[in-house]
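Here's the structure we're looking at; comments come further down.
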Amino acid sequence: MIRTRFAPSPTGYVHLGNLRTALFAYLFARHEAGVFILRVEDTDQSRYVEGAVENLLRTLEWAGITLDEGPYLDANGKLAEKGQFGPYTQSKRLSIYQKYVAELIAKGGAYHCFCTAERLENLRTEQQLNKLPTGYDGLCLKTTSPEEAAKRIEQGEKYVVRLKMPRSGETIFTDLIRGEVRFKNELIDDQVLLKSDGFPTYHLAVVVDDHLMEISHVIRGEDWISSTPKHIQLYRYFGWEIPEFGHVPLILNSDKSKFSKRQGDVAAEQYQSRGYLPEALVNFIAFLGWNPGDERELFNPEELCAEFKLDHVSKAGAVFNLEKLDWFNREYLKRMNPGELVRRAKPFLATTYIPLDNEMLLTKAVALEQTRITTLSELGPAINFVFQLPEYPPTALVWRKSTSEQSLKILTELIPLLNTISVQDWQTVLIEARIKAWIGEQGYNNGEVLWPLRVALSGQEKSPPPFEIAAVLGQQESIHRVETALAKLQG
RNA sequence: GGCCCCAUCGUCUAGUGGCUAGGACACCACGCUUUCAAUGUGGUAACACGGGUUCGAUUCCCGUUGGGGCUACCA
């Protein structure tokens, strides 16, 4: 049984890099008919953020990443957990880690360390000065016997527990994405496993939990690759089966450094609030490092689940490119049926003066701008003219190859024409047919008629075609707007 | 500094020893057109470098260079 997990630290927002790692783990599990788990890695007390887990869950839900096990929000919005391997929150598992640390010490895989922060710091600077690899020198392992350590702990002395890395040999593993990776053991630090506050570090907690939760494939960011030998050593000491590892490449800033807050919008929530569709964002980040092996690019969530394979994940990092995201978003927007688009757009329209009760008109208005917008947040400003004619100067009504007098004449003649169209003929194509025919009869050209008409109807120099606007507005309002334009031209 | 990872158009990428090195975004030109989009057609643009291996390397090996990650009682 394939079991993967997403194990973020609850920081208050979901970093896009983490979201993509989660997505890969999720897609892999789904593709293999496996199980996908969320585990909250909150072992750093100083990083505690109120409401972070709730936010995390809402964001994953928005992105369409569904969880089989782990925390979830119940009907009342309260935090709950599902699954047989809980708790899925590390701060609730402290006694578990204590137990395994004791076991590890007993097995000779770890030891107590009483060194002060000052000594550690001096040690590091000295090592760096002498161009030596940095790392703990094993002082407490050499000088403090288990009996003495027990005594010092008894007396209330602060301590940490460190991993006892073998001083020789190599740790070799085959990464699912990168192939064989090897490290010399002597260069690997005796990592702290249990902090002096009694909390485990990532390295201990991740191994204990991945084992206990029966994770078969550890899919995580490339930045973890150097600590993998420490984790493997832990599995060995415990005598546990070592899972498969897959280290996915990083998302990069345009200068190729790790995608960061400083250089861009890294929080998934920012894209949500700016009106990106989750399926577009997911499609986009999936393609940052993955491809189906052919030239298709548009994959909805179901298609991603069906096609995603780890062997098409690339090794190199990928630069985040907002323009490509915009393109994906436009593609999804264009393909969406108007009713659905209205439903999705409503949260963004709620902050505008656009009335949301007239579903019919709203749907027509939205359809008008559907192919012209990039994000949902652009929709409100784009369709606002339908509900409220914007202020505009009379000069806007004059086409660049025409005159004010000519525009006045044409708009005046247009009113009776518009009036002769019957109610049932008030549709885009029929309005267009009538007006174009009339233009022909009169010997006008399109520009000198359609420009002033369009501006009269929209109040804007840039807008959809006049026939579409007229159809949305209705006959009465359309004529009214042309009359308003006439009044403006007459001064 | 040490260790590790990586390297095809500006960006995301296909390629798996023999191709005019393909696609997408972006960009440019033209077409359509009342405007802005959308759309159609076409175009500019890449195998980091040096050695091997081979009849033949973008592709395999080594090195160089470059970039990145890690190097905490943070994840």
Side-chain angles (χ1 to χ4, degrees), chain A residues 7-11 18 41-47 90 113 115 117 120-121 124 127-135 158-162 175 177-178 181-184 187-189 191-203 205-206 220-229 247 249-250 252 254-258 284 287-298 312 314-328 330 334 369-374 382 399-402 439 445-455 458 460-466:
Chain A
S9 179
T11 56
N18 284 143
E41 308 226 327
D42 57 345
T43 57
D44 185 359
Q45 289 178 292
S46 65
R47 279 207 194 178
Q90 290 186 330
C113 173
C115 290
L120 262 21
E121 201 166 310
R124 196 175 317 128
Q127 286 165 334
Q128 271 165 350
L129 230 54
N130 295 319
K131 300 186 192 295
L132 292 165
T134 54
K158 286 275 187 193
Y159 69 94
V160 299
V161 175
R162 286 182 183 276
D175 189 274
I177 293 163
R178 280 146 221 290
V181 183
R182 48 173 72 207
F183 294 84
K184 287 190 178 62
L187 266 8
I188 297 166
D189 198 7
Q191 185 69 46
V192 171
L193 299 176
L194 195 70
K195 300 183 257 187
S196 57
D197 64 2
F199 277 63
T201 59
Y202 171 83
H203 306 282
V206 77
R220 64 194 351 174
E222 189 192 349
D223 37 0
W224 288 114
I225 202 163
S226 331
S227 36
T228 304
H247 289 93
L250 264 20
L252 272 23
S254 50
D255 70 355
K256 307 263 186 186
S257 59
K258 189 158 85 166
F284 169 66
F287 270 71
L288 248 28
W290 175 83
N291 70 79
D294 54 43
E295 287 173 352
R296 292 169 300 156
E297 289 203 274
L298 258 14
H312 271 107
S314 53
K315 297 176 189 173
V319 173
F320 180 86
N321 178 215
L322 190 63
E323 274 140 4
K324 189 80 183 242
L325 205 212
D326 284 343
W327 175 77
F328 273 110
R330 278 194 296 270
K334 273 190 290 191
E369 291 289 343
Q370 187 164 6
T371 63
R372 322 170 96 80
I373 54 167
T374 297
W399 190 41
R400 62 181 208 281
K401 293 182 190 169
S402 184
I439 289 170
N445 63 52
N446 283 337
E448 61 185 342
V449 176
L450 299 179
W451 176 277
L453 176 59
R454 194 176 53 72
V455 174
S458 69
Q460 298 171 171
E461 302 214 3
K462 296 174 184 176
S463 79

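Atoms considered below: every heavy atom in the structure, side chains included; atoms not considered: hydrogens, waters and symmetry mates. Chain naming here is simple, since letters A, B, ... match the order of the sequence lines and numbering starts at 1 in each.
- The residue A/Val319 sits close only to the backbone: its heavy atoms come under 4.0 Å of sugar-phosphate atoms, none of a base.
- Looking at heavy-atom distances under 4.0 Å, A/Gly289 makes contact with sugar-phosphate atoms alone, never a base.
- Where A/Lys256 and A/Gln128 each meet RNA chain B at their nearest nucleotide, the meeting point lying more 5' is that of A/Gln128.
- In this entry the distance linking NZ of A/Lys315 with P of B/U8 reads 12 Å, nearest Å.
- Side-chain proximity of A/Val160 to B/G69, B/G2, B/C73: nearest is B/C73.
- For the pair A/Arg124 and B/A72, the criterion of a side-chain N or O lying under 4.0 Å from OP1 or OP2 is met.
- Each of A/Trp399 and A/Lys334 lies near RNA chain B, and the nucleotide nearest A/Trp399 is the one positioned closer to the 5' end.
- Relative to the side chain of A/Thr43, the nucleotides B/C25, B/A75, B/U39 differ in distance, and B/A75 lies closest.
- Of the nucleotides present, none pairs with B/A45 by Watson-Crick or G-U wobble criteria with both distances under 3.5 Å.
- Of the side-chain N and O atoms in A/Ser458, none sit less than 4.0 angstrom from OP1 or OP2 of B/U35.
- A donor N or O paired with an acceptor N or O is not found under 3.5 Å between the base of B/C5 and the side-chain atoms of A/Arg178.
- When both pairing distances are held under 3.5 Å, B/C3 makes a Watson-Crick or G-U pair with B/G69.
- Heavy atoms of A/Pro465 sit under 4.0 angstrom from at least one base atom.
- Pairing partner, B/U11: B/A24, with both Watson-Crick or wobble hydrogen-bond distances short of 3.5 Å.
- Nucleotide B/C19: unpaired (no Watson-Crick or G-U wobble partner with both distances less than 3.5 Å).
- The nucleotide whose nearest atom lies closest to any side-chain atom of A/Trp224 is, among B/A75, B/U34, B/C25, B/A75.
- Donor-acceptor pairing under 3.5 Å is lacking for the side chains of A/His247 and A/Arg178.
- Note: CZ (A/Arg400) to P (B/U33) measures 14 Å, nearest angstrom.
- In the model, A/Thr134 has no side-chain atom that pairs as donor or acceptor with a side-chain atom of A/Arg124 under 3.5 Å.
- As judged by a 4.0 angstrom heavy-atom cut-off over every strand, A/Arg454 is placed among the base-contacting residues.
- The phosphate of B/U34 (OP1 or OP2) has a side-chain N or O of A/Asn446 nearer than 4.0 angstrom.
- Here A/Trp224 and A/Tyr202 bring their ring centres to under 6.0 angstrom of each other.
- Checked against B/G22, B/C6, B/A24, the side chain of A/Glu295 finds its nearest nucleotide in B/G22.
- Listed for the A/Ser458 side chain is a donor-acceptor partner under 3.5 Å among the backbone atoms of A/Gln460.
- A/Pro466 comes within 4.0 angstrom of a nucleotide base, judged by non-hydrogen atoms across all strands.
- Note on A/Trp327: a side-chain N or O is less than 4.0 Å away from OP1 or OP2 of B/C25.
- Using a 4.0 Å heavy-atom cutoff across all strands shown, A/Val206 reaches no nucleic acid atom at all.
- As the counterpart of B/C30, B/G40 is assigned, both hydrogen-bonding distances of the Watson-Crick or G-U wobble pattern falling under 3.5 Å.
- As rounded to whole Å, 16 Å separates atom C1' of B/G1 from atom CG of A/Asp189.
- Using N1 to N3 plus N6-O4 or O6-N4 for Watson-Crick, or N1-O2 and O6-N3 for G-U wobble, each under 3.5 Å, B/C60 pairs with B/G52.
- Residue A/Ser227 is out of contact with every strand shown, counting any heavy-atom pair closer than 4.0 Å.
- Between A/His247 atom NE2 and B/C6 atom C1' there is a gap of 15 Å when expressed in whole angstrom units.
- Here A/Pro10 lies out of heavy-atom contact (under 4.0 Å) with every strand.
- Counting only heavy atoms from C-beta on, A/Trp451 has its side chain closest to B/U34 among B/U34, B/A72, B/C70.
- Among the protein residues, A/Thr201 comes within range of the sugar-phosphate backbone only, with heavy atoms under 4.0 Å from sugar or phosphate atoms but none that close to a base.
- Of all nucleotides listed (B/A75, B/C73, B/G2), B/C73 comes nearest to the side chain of A/Val192.
- A/Trp399 has its side chain within reach of A/Asn445: a pair of non-hydrogen atoms, C-beta onward, lies under 4.5 Å apart.
- A donor-acceptor pair is defined here as one N or O able to donate and one able to accept, closer than 3.5 Å; no such pair exists between the side chain of A/Asn130 and the backbone of A/Leu132.
- The nucleotide whose nearest atom lies closest to any side-chain atom of A/Lys462 is, among B/C73, B/C36, B/A7, B/C36.
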Step by step, work out the side chain to side chain contact (heavy atoms under 4.5 Å, CB included) result for A/Lys462 and A/Arg454. CA-CA 9 Å; A/Lys462 296 174 184 176; A/Arg454 194 176 53 72; 5.5 Å; no

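- Among the heavy atoms of the strands lying under 4.0 Å from A/Ser257 are primed sugar atoms or P, OP1, OP2 only; no base atom is included.
- Under 3.5 Å, the side chain of A/Ser196 and the base of B/C73 form at least one donor-acceptor pair of N or O atoms.
- For B/C19 and B/G1, the C1' atoms lie 45 Å apart once the distance is rounded to whole Å.
- Across B/U59 and B/A14, the matching P atoms stand 16 Å from one another, rounded to whole Å.
- Although no hydrogens or angles enter the test, the distance criterion places a donor-acceptor pair under 3.5 Å between the side chain of A/Asp175 and the main chain of A/Ile177.
- Of the side-chain N and O atoms in A/Lys324, none sit less than 4.0 angstrom from OP1 or OP2 of B/C27.
- Within 4.0 Å (heavy atoms only), A/Lys158 reaches no atom of the nucleic acid at all.
- For A/Glu121 and B/A72, the CD to C1' distance is 10 Å, given to the nearest whole Å.
- Using a 4.0 Å heavy-atom cutoff across all strands shown, A/Arg296 reaches no nucleic acid atom at all.
- Considering only side-chain N and O atoms, A/Ser314 lies under 4.0 angstrom from the phosphate OP1 or OP2 of B/U13.
- Between A/Arg400 and A/Glu461 there is no salt bridge, since no side-chain N of the basic residue sits under 4.0 Å from a carboxylate O of the acidic one.
- No hydrogens or angles considered: nothing links the side chains of A/Ser463 and A/Arg372 as a donor-acceptor pair under 3.5 Å.
- The nucleotide whose nearest atom lies closest to any side-chain atom of A/Asn291 is, among B/C73, B/U35, B/A14, B/A14.
- In this structure, B/A75 forms no base pair with any nucleotide, since neither Watson-Crick nor G-U wobble geometry is met with both distances under 3.5 Å.
- Each of B/U35, B/C70, B/C5 was ranked by its minimum atom distance to the side chain of A/Ser226; first place goes to B/C70.
- Distances shown here put every side-chain N or O of A/Arg162 at or beyond 4.0 Å from the OP1 or OP2 atom of B/A72.
- Straight-line distance from the CG atom of A/Leu252 to the P atom of B/G69: 8 Å, rounded to whole Å.
- Using a 4.0 Å heavy-atom criterion, one finds that A/Leu250 contacts the sugar-phosphate atoms exclusively.
- When heavy atoms are screened at a 4.0 angstrom cut-off, A/Ser9 is found touching the sugar-phosphate backbone but no base atom.
- Protein atom CG of A/Asp175 is 15 Å distant from nucleotide atom P of B/C4, rounded to whole Å.
- Listed nucleotides B/C25, B/A75, B/A7 differ in distance to A/Asn321; the shortest reach to its side chain belongs to B/C25.
- For the pair A/Leu120 CG and B/C73 P, the interatomic distance rounds to 6 Å; values are reported in whole Å.
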